[in-house]
Amino acid sequence: MRRVDRTFFLDDAVTVARQLPGMEIVMETGEKAGRYMITETEAYLGDGDRACHASKGRTRRTEPMYMEGGHLYIYFVYGMHWMLNVVTGSADYPQAVLIRGVSQFSGPGRVTRGLGIDGSFNREDLSSSGRIWIEESGYRPELDAGPRIGIGYAGEPWVSMPWRFITRNENGK
DNA sequence: AGCAAGATCGGT
DNA sequence: CCGATCTTGCTG
């Protein structure tokens with residue numbers, strides 16, 4: 001189909017996180033080139049959301065989350081995994097959607113390893129990049145929603161907010 | 001300068 | 001359940 005334009009990413013993170021499953025990440029880089037259907041996402045809702053990195057304030061690391069929707073926020077955790085996030089909303093409203101799974105890979109660390117995504121993709125613009133973008137597939141999967149993974153430190157009510165979205169059927173293939 | 005914890009994963 | 005592995009952000 002065609003590349004999703006910037007306006008799609010200007011909505012809030014929960015809305016975008018619910019629409020991304022079923023869409024495809026297109027990689028235009030050498031050996032990892034291909035189409036990867038998104039199967040799992042999580043929304044991080046700004047500086048009021050204690051699970052969101054931006055709740056600690058604007059720092060060198062979280063700066064990309066303050067960019068206009070449609071850019072990438074990539075960061076490194078546990079000394080070995082890159083996390084792929086799509087920034088949403090207008091500039092200065094730090095929100096992002098974590099890509100937790102695509103059809104071929106389950107788990108955010110496996111996604112980036114499988115697609116060859118690293119820190120060089122931080123701040124990449126999905127609306128103009130020549131190596132990564134998102135396209136509609138026309139497919140609208142049934143979704144299940146539940147609490148986000150690995151954010152126990154956030155406490156209530158954030159730890160319980162149902163902001164994780166996962167395709168009901170084609171998961172983990 | 002030092003330290004604790006982390007939006008994880010893979011092996012026991 | 002625990003260790004790997006290293007960046008980040010806070011404390012002093």
Side-chain angles (χ1 to χ4, degrees), chain A residues 9 11-23 25 27 32 36-89 91-126 132 134 141 143-168 170-173:
Chain A
F9 300 104
D11 236 317
D12 66 276
V14 174
T15 300
V16 174
R18 293 187 45 141
Q19 295 182 77
L20 281 174
M23 293 186 178
I25 297 174
M27 297 297 299
K32 306 294 185 183
Y36 303 86
M37 194 188 76
I38 298 170
T39 59
E40 184 179 353
T41 61
E42 276 179 2
Y44 288 85
L45 248 283
D47 51 20
D49 173 8
R50 296 286 283 277
C52 182
H53 290 164
S55 67
K56 303 278 179 58
R58 191 166 182 155
T59 65
R60 169 71 69 76
R61 175 182 167 223
T62 63
E63 189 63 29
M65 263 203 287
Y66 292 79
M67 298 175 82
E68 185 174 46
H71 290 84
L72 295 183
Y73 166 44
I74 311 288
Y75 67 92
F76 194 62
V77 279
Y78 297 117
M80 57 187 82
H81 301 297
W82 292 102
M83 298 287 110
L84 166 61
N85 297 260
V86 177
V87 175
T88 71
D92 296 325
Y93 287 82
Q95 309 179 13
V97 175
L98 171 66
I99 306 300
R100 287 193 61 89
V102 296
S103 52
Q104 299 92 330
F105 310 107
S106 295
R110 289 167 169 171
V111 168
T112 52
R113 190 181 59 186
L115 274 60
I117 290 172
D118 59 19
S120 74
F121 283 81
N122 199 21
R123 297 169 173 267
E124 193 89 355
D125 184 352
L126 291 176
I132 182 173
I134 290 176
L143 297 182
D144 285 321
R148 295 168 290 179
I149 305 297
I151 55 143
Y153 59 84
E156 296 290 354
W158 314 111
V159 69
S160 299
M161 300 306 281
W163 290 343
R164 172 182 180 229
F165 304 99
I166 184 166
T167 55
R168 188 165 294 172
E170 46 250 287
N171 184 23
K173 279 193 304 219

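Note on naming: letters A, B, ... go to the chains in the order of the sequence lines (proteins, then strands), and numbering restarts at 1 for each one.
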Heavy-atom side-chain contact between A/I99 and A/L20 under 4.5 Å:
yes
Under 3.5 Å, sequence neighbours excluded: what are the donor-acceptor pairs made by side chains of residues 48-56 of chain A?
residue : atom : partner : partner atom : Å
A/D49   : OD1  : A/A51   : N            : 3.0
A/D49   : OD1  : A/R148  : NH2          : 3.2
A/D49   : OD2  : A/L45   : N            : 3.0
A/D49   : OD2  : A/R148  : NH1          : 2.7
A/H53   : ND1  : A/R61   : NH2          : 3.4
A/H53   : ND1  : A/Y73   : OH           : 2.8
A/H53   : NE2  : A/R61   : NH2          : 3.3
A/S55   : OG   : A/C52   : O            : 2.8

Could you state the atom-to-atom distance from [atom1] of [X] to [atom2] of [N] in whole Å?
X: A/Y75; N: B/dG6; atom1: OH; atom2: C1'; value: 9 Å
X: A/E42; N: B/dG6; atom1: CD; atom2: C1'; value: 14 Å
X: A/R148; N: B/dT8; atom1: CZ; atom2: P; value: 12 Å
X: A/L45; N: B/dA7; atom1: CG; atom2: C1'; value: 14 Å
X: A/W82; N: B/dG6; atom1: CH2; atom2: C1'; value: 15 Å

If you round to the nearest 0.5 Å, how far is [atom2] of [Y] from [atom1] of [X]?
X: A/N85; Y: A/T41; atom1: CG; atom2: OG1; result: 11.0 Å
X: A/Y44; Y: A/M161; atom1: OH; atom2: CE; result: 13.0 Å
X: A/T39; Y: A/Q104; atom1: OG1; atom2: CD; result: 9.0 Å

With a 4.0 Å cut-off, would you call A/R58 and A/D92 a salt bridge?
yes
Are A/Y44 and the base of B/dA7 stacked, counting only ring centres nearer than 5.5 Å and planes tilted under 30°?
yes
Given B/dC9, is OP1 or OP2 found less than 4.0 Å from the side-chain N or O atoms of A/R113?
no
Please list every stem that involves DNA chain B, where a stem is a run of 3 or more consecutive Watson-Crick or G-U wobble pairs with both pairing distances under 3.5 Å.
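Paired runs of 3+ in DNA chain B: B:1-6 with C:6-11, B:8-11 with C:1-4.
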Once each nucleotide of nucleotides 3-12 of chain C is scored for protein heavy atoms under 4.0 Å, what B/S/- sequence comes out, 5' to 3'?
-BBBSSSS--
Do you know which of A/R168, A/R100, A/R110 makes salt bridge (Lys or Arg N to Asp or Glu O under 4.0 Å) with A/E40?
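Among the candidates, only A/R100 passes.
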Are there over 12 heavy-atom neighbours, none belonging to A/Y36, within less than 6.0 Å of that residue's OH?
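Result for OH/A/Y36: enclosed.
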Judged by modelled atom types alone, do A/E156 and A/S160 share a side-chain donor-acceptor pair under 3.5 Å?
yes
Touch check for A/L98, heavy atoms < 4.0 angstrom, all strands: base, sugar-phosphate only, or nothing?
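A/L98: base contact, heavy atoms under 4.0 Å.
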